[in-house]
Structure formats: structure tokens, C-alpha cells
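What follows is a single structure, written as C-alpha cells, with notes after it.
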Amino acid sequence: MPHITPFRSIRPNPILASRIAALPYDVYSRKEALEEVCRQPRSFLRIDRAETQLPENVDLYDERVYQKARELLEISLADGSFIMEEKPYYYIYELTMNGRSQTGIAACSSIDDYINGVIRKHENTRQDKELDRIRHVDVTNANTGPIFLAYRSRDEINEIVNGQKRRTPLYDFISGDGIGHRVWRIECGEIIQRLHGLFEEIPCTYIADGHHRCASAVKVGLKRRRENPGYTGEEEFNRFLSVLFPDDQLQILPYNRVVKDLNGHTQEELLRAVEKAGFRISGPEKESVSPGEKGSFGMFLGGKWYLLSACDFLKSDDPVKGLDVSILQDHLLGPVLGIGDPRTDDRIDFVGGIRGLCELERRVSEDMEIAFSMYPTSICELLRVADAGMLMPPKSTWFEPKLRSGLFIHSLEGQR
């Protein structure tokens with residue numbers, strides 16, 4: 001059972017929240033992060049990506065970057081940009097995109113739940129990306145970016161959340177990308193205790209987004225345990241910041257693929273090879289192809305869109321092999337286009353579905369040769385893979401809307 005606890009949040013002064021809240025640090029390149037901080041100097045990116053406050057010749061992973069992040073966080077607390085709660089609370093965080101809302105609970109999760117598999121994952125992590133956030137968490141002494149967790153929906157939790165949303169929110173704003181953000185604080189001790197008990201009845205939670213942040217937070221917690229051999233388990237470093245959403249409210253967008261070349265094929269040869277690999281081809285189509293069902297794929301080649309349909313013999317009941325991203329990789333990208341390991345092959349790139357099919361066409365016109373539009377992985381498929389203790393191929397899911405960083409910060413000291 002998950003150990004989900006309230007926490008003493010560091011959070012923005014309400015008059016600054018809309019200016020501070022920022023997309024996750026890893027959706028920006030260095031250039032994009034600098035441009036965003038120049039556009040909005042209050043953006044939390046200046047703390048999450050503190051190299052934006054240093055000369056361009058300073059390496060991304062230089063120790064000065066992490067020290068600057070800590071300095072900026074301390075300054076923000078001292079000047080009133082951020083406040084720290086007197087008591088631990090749960091928070092409700094609602095995001096609305098295109099008229100569709102999803103509502104989660106901001107809380108702390110246990111590093112032991114991650115270690116023991118109560119928090120289930122579906123992706124591997126890369127050591128270089130972990131090391132960056134390990135240093136950031138360790139030096140700032142805080143979890144600055146929440147981990148996006150999911151759980152199987154419970155009516156009792158939904159009723160509490162809906163009841164609390166009738167109150168006046170702490171924050172209520174629309175970010176520059178049109179996403180609505182509302183936050184409420186759960187203040188009633190009885191409701192806090194009730195929520196704590198309800199989460200203990202849930203078998204497990206799932207990492208939806210933030211595998212690297214989660215692994216890094218856990219490793220900092222373990223480091224603190226080694227440094228404090230008399231720890232009790234109640235110290236704040238035993239927990240990390242998370243926002244937990246019911247599975248039936250989540251939306252996964254496709255994660256599309258673009259490839260630099262045709263692996264020595266002409267366009268005509270490639271079409272024949274795709275058919276031979278087990279895909280039925282329709283087209284060229286009059287309009288761009290956004291797959292409408294599982295087992296289908298759009299292919300943009302030579303300025304034309306085609307619809308690919310996987311033959312039955314390519315499909316599988318295996319939780320991982322049956323994923324569309326696996327079917328495409330195992331039967332087309334690998335054997336036909338020569339993409340051996342999509343995690344390391346520089347001939348392939350990935351485009352989040354939020355960017356639309358026009359982005360695939362743009363990439364093919366500029367630096368790629370062929371693109372594939374995907375049908376999105378479902379939340380049920382994600383849970384099935386995680387429950388089986390298996391891992392998805394890289395870039396299988398793109399969650400929207402993205403949680404904002406800076407609305408909640410968890411101090412590993414419990415006080416500042």
C-alpha cells in the first residue's frame with residue numbers, strides 16, 4: 001500500500017503564481033530555456049535551469065549551476081516571492097486543456113514505496129539525466145519538480161476532491177499556452193486523515209511522467225540515509241514531491257517518429273519492403289494521416305501521406321510486444337530502416353503529439369526523410385505493462401497537459 005503524506009509546501013505568493021509556474025525543465029533546450037527566462041524573468045526555470053543565470057560558457061552540469069539554483073531559491077523565500085506553510089497539507093491541482101480537466105492531489109510519496117515496487121514504473125532511466133537532477137535536489141535541498149503519478153480511480157477519493165473544489169482556490173490562472181490551473185489547499189484535519197487512509201487501501205501507484213526525477217529523488221533520499229545512520233524514517237528526505245491523478249482522467253497523446261534516411265532504399269523500394277514486412281498500405285491519401293485505431297500508422301514519405309495497417313500476424317497479446325510503438329519498431333523501423341536501438345541511434349528522433357502532424361511535415365522538409373504518426377498508447381496499456389513488471393520502449397507516451405513546476409516545492413529539511 002502506498003504511503004502518501006501531506007507536506008509543508010513552499011509555494012508562490014498568489015500574486016506571482018502565474019508568472020512563476022513553468023513547464024518541466026526537460027522540455028526545453030538550453031537556448032529555449034534562456035529565451036523563456038528572458039521573456040518571463042520570474043519563471044521557475046531560472047531555478048530549475050539555473051544555467052540561464054550564468055555566462056553561456058558555463059557547462060550545464062557545472063557545480064556553479066546548482067549553487068546558483070540554491071541561492072535563487074533562498075532569495076525567493078527571503079523576498080516573499082515564495083512562502084512556506086506552517087503546517088503540512090494536501091493540495092488539489094486541476095489542469096484544464098481544451099475544455100477537458102484532470103484533477104490530482106499534490107502530496108509526498110515514500111522512497112521505500114519506489115524501492116519496494118509499490119510505485120510502479122514503465123521506463124528505464126539514463127544515468128546522465130539522473131545525475132543532473134540528483135545534484136539539483138541535493139544542493140537545493142528540495143524537490144522542485146513534482147512526479148506525475150497515477151492510481152486506479154476511487155469514488156471515495158473523487159468525492160472528497162470534488163467537495164474541496166467548491167471552495168475558493170489558492171491559485172486560479174491560465175498559462176500562456178492556454179492551460180487553466182487551479183489549486184486548493186485541504187485544511188480540514190479529518191479530511192486529511194481520511195485521504196491518508198484511502199490511499200493506504202490502494203495497492204500501488206504508477207509513474208506516468210517523471211521517471212528520471214523520481215529515480216533522482218529516491219537516490220538523494222538514500223544518500224541522506226547513509227549520511228544519517230540514525231534516521232527514523234520520518235525525516236523529509238524519506239519522501240518526494242508528487243501529484244497523483246486517477247487513471248480515468250488522464251490523456252496520453254501519441255509520440256511520433258521521424259527518421260533521417262531510408263537506409264539505402266529508394267522510395268519505391270521502401271514501400272515494397274514495408275508491405276513485405278506485414279503492413280497493408282493505403283494511399284497516397286488526400287489529407288495528413290492521424291491513425292484512428294490501434295495497429296494503424298501514418299507514414300509521410302516523398303511529400304505524401306500513407307496509411308499503414310499492421311497485419312494480424314504482427315500483433316501480440318504480450319503487454320510490450322503488442323504496443324503500437326513495439327510493432328513499428330520490431331517490424332519496420334528495425335528490420336527495414338535499420339534503427340537498432342532507438343534510445344541511442346542518432347538517425348531517429350521523436351516528436352510529441354502536442355506539436356501536431358504539421359511538425360512531422362516540417363521535419364521531413366528540413367532534416368528528415370520519413371515520418372510516422374502514431375495512435376496513442378492507452379493508460380490501460382501503461383498500467384498493464386507496469387503491473388507485469390515490464391518496461392515500454394522509449395518515447396511511448398506523451399502526457400498532456402504538463403504539470404507546472406514551482407507551484408509546490410518540498411523541502412528535504414521540513415523547514416527553511
Side-chain angles (χ1 to χ4, degrees), residues 22-30 33 44-45 47-52 58-70 73 108-150 205-228 235-243 255 341-346 350 352 382 385-386 389-399 402-403 405-406 408-412:
L23 284 165
Y25 74 95
D26 53 356
V27 305
Y28 295 96
S29 67
R30 183 170 189 167
F44 195 72
L45 269 181
I47 294 174
D48 252 353
R49 296 286 296 271
E51 76 275 5
T52 59
V58 175
D59 186 80
L60 284 172
Y61 310 120
D62 191 289
E63 182 63 22
R64 287 172 288 177
V65 173
Y66 307 107
Q67 293 295 337
K68 174 59 74 172
R70 181 185 179 101
L73 182 56
C108 275
S109 295
S110 165
I111 68 172
D112 289 311
D113 286 348
Y114 181 89
I115 295 165
N116 298 330
V118 175
I119 298 172
R120 297 182 179 175
K121 59 184 181 179
H122 66 269
E123 285 184 5
N124 272 324
T125 56
R126 284 171 39 191
Q127 186 178 24
D128 59 336
K129 294 181 72 174
E130 279 188 31
L131 289 174
D132 168 51
R133 286 303 102 175
I134 287 171
R135 293 298 298 138
H136 195 278
V137 173
D138 199 26
V139 174
T140 62
N141 212 17
N143 304 132
T144 59
I147 314 306
F148 186 161
L149 298 182
T205 60
Y206 303 83
I207 302 175
D209 199 10
H211 282 77
H212 288 91
R213 276 170 281 159
C214 191
S216 301
V218 170
K219 289 183 177 179
V220 172
L222 293 175
K223 175 178 178 288
R224 297 293 175 89
R225 286 181 173 183
R226 291 191 297 271
E227 294 168 349
N228 298 273
E235 298 86 358
E236 289 301 320
F237 59 71
N238 294 286
R239 294 178 275 273
F240 61 87
L241 180 63
S242 56
V243 182
Y255 220 144
D341 186 348
R343 293 172 299 181
T344 58
D345 198 319
D346 62 5
F350 305 89
L382 184 154
V385 169
M390 304 172 77
L391 300 174
M392 287 185 173
K395 311 298 185 182
S396 294
T397 57
W398 181 280
F399 282 89
K402 301 289 186 188
L403 305 186
S405 295
F408 316 99
I409 300 170
H410 169 238
S411 171
L412 300 192

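Below, each value reflects all heavy atoms present in this structure, side chains not excepted, and no hydrogens, waters or symmetry copies. When a residue number appears, it is its place in the shown sequence, counting from 1.
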key: Side-chain heavy atoms of Phe399 within contact of Leu382, under 4.5 Å   = yes
Side chain to side chain contact (heavy atoms under 4.5 Å, CB included) assessment of Lys68 paired with Glu51 = CA-CA 8 Å; Lys68 174 59 74 172; Glu51 76 275 5; over 6 Å; no
inquiry  = Between the side chains of Glu235 and Arg225, is the shortest nitrogen-to-carboxylate-oxygen separation below 4.0 Å, so that they form an ion pair?
reply    = no
key: Value rounded to 0.5 Å, distance of CG in Leu403 from CG in Asp209   = 7.5 Å
query = Okay, side chain of Ser109, backbone of Phe240: is any donor-acceptor separation there less than 3.5 Å?
reply = no
message = For the OG atom of Ser216 and the NE2 atom of His136, what is their distance to the nearest 0.5 Å?
response = 11.0 Å
ask   = Rounded to the nearest 0.5 Å, how far apart are OH of Tyr25 and CG of Asp132?
value = 6.0 Å
Asp138 and its salt bridge (Lys or Arg N to Asp or Glu O under 4.0 Å) partner, picked from Arg133, Lys223, Arg70, Lys219 = Lys223
key: Residue pair Ile409, Thr140: steps toward the side chain to side chain contact (heavy atoms under 4.5 Å, CB included) verdict   = CA-CA 11 Å; Ile409 300 170; Thr140 62; over 6 Å; no
key: 4.5 Å side-chain heavy-atom contact, Ile207 and Leu149   = yes
remark   = So CG of Asp48 and OG1 of Thr144: to nearest 0.5 Å the spacing works out to 4.0 Å
request  = Please state whether the rings of Phe350 and Tyr255 are parallel, tilted or perpendicular, taking 30° and 60° as the class boundaries.
outcome  = perpendicular
request  = Determine whether Tyr61 and Leu131 make a side-chain contact, defined as any pair of heavy atoms from C-beta on separated by less than 4.5 Å.
outcome  = no
task = Please report the closest heavy-atom contact between Pro24 and Arg213, naming both atoms and the distance.
result = CB-NH2, 4.5 Å
task = Give, for atom OG1 of Thr205 and atom OH of Tyr114, the distance between the pair rounded to the nearest 0.5 Å.
result = 11.5 Å
query = Can you name the residues that form a side-chain contact (heavy atoms from CB on, under 4.5 Å) with Val58, not counting sequence neighbours?
reply = Leu54, Pro55, Asp62, Arg64, Val65
query = Under a 4.5 Å cut-off applied to non-hydrogen side-chain atoms, are Ile147 and Ile119 in contact?
reply = no
task = Quickly, which of Arg224, His410, Glu227 forms a side-chain contact (heavy atoms from CB on, under 4.5 Å) with Phe237? Name it, please.
result = Arg224
Point-to-point distance, once rounded to the nearest 0.5 Å, from CZ of Arg135 to CD of Gln67 = 7.5 Å
query = Can you name the closest pair of heavy atoms from Ala208 and His122 and give their distance?
reply = O-CE1, 3.5 Å
key: Test side-chain contact (heavy atoms from CB on, under 4.5 Å) applied to Pro394 - qualifying residues, sequence neighbours left out   = Pro342, Arg343
request  = Might you work through the side chain to side chain contact (heavy atoms under 4.5 Å, CB included) test for Lys402 and Phe148, ending with a clear yes or no?
outcome  = CA-CA 9 Å; Lys402 301 289 186 188; Phe148 186 161; over 6 Å; no
ask   = Does the side chain of Cys108 come within less than 4.5 Å of Ser242's, by heavy atoms?
value = no
remark   = Sequence neighbours excluded, the answer for side-chain contact (heavy atoms from CB on, under 4.5 Å) partners of Val137 is Asn143, Val220, Leu412
query = Would you say Glu123 and His212 make side-chain contact, with heavy atoms under 4.5 Å?
reply = no
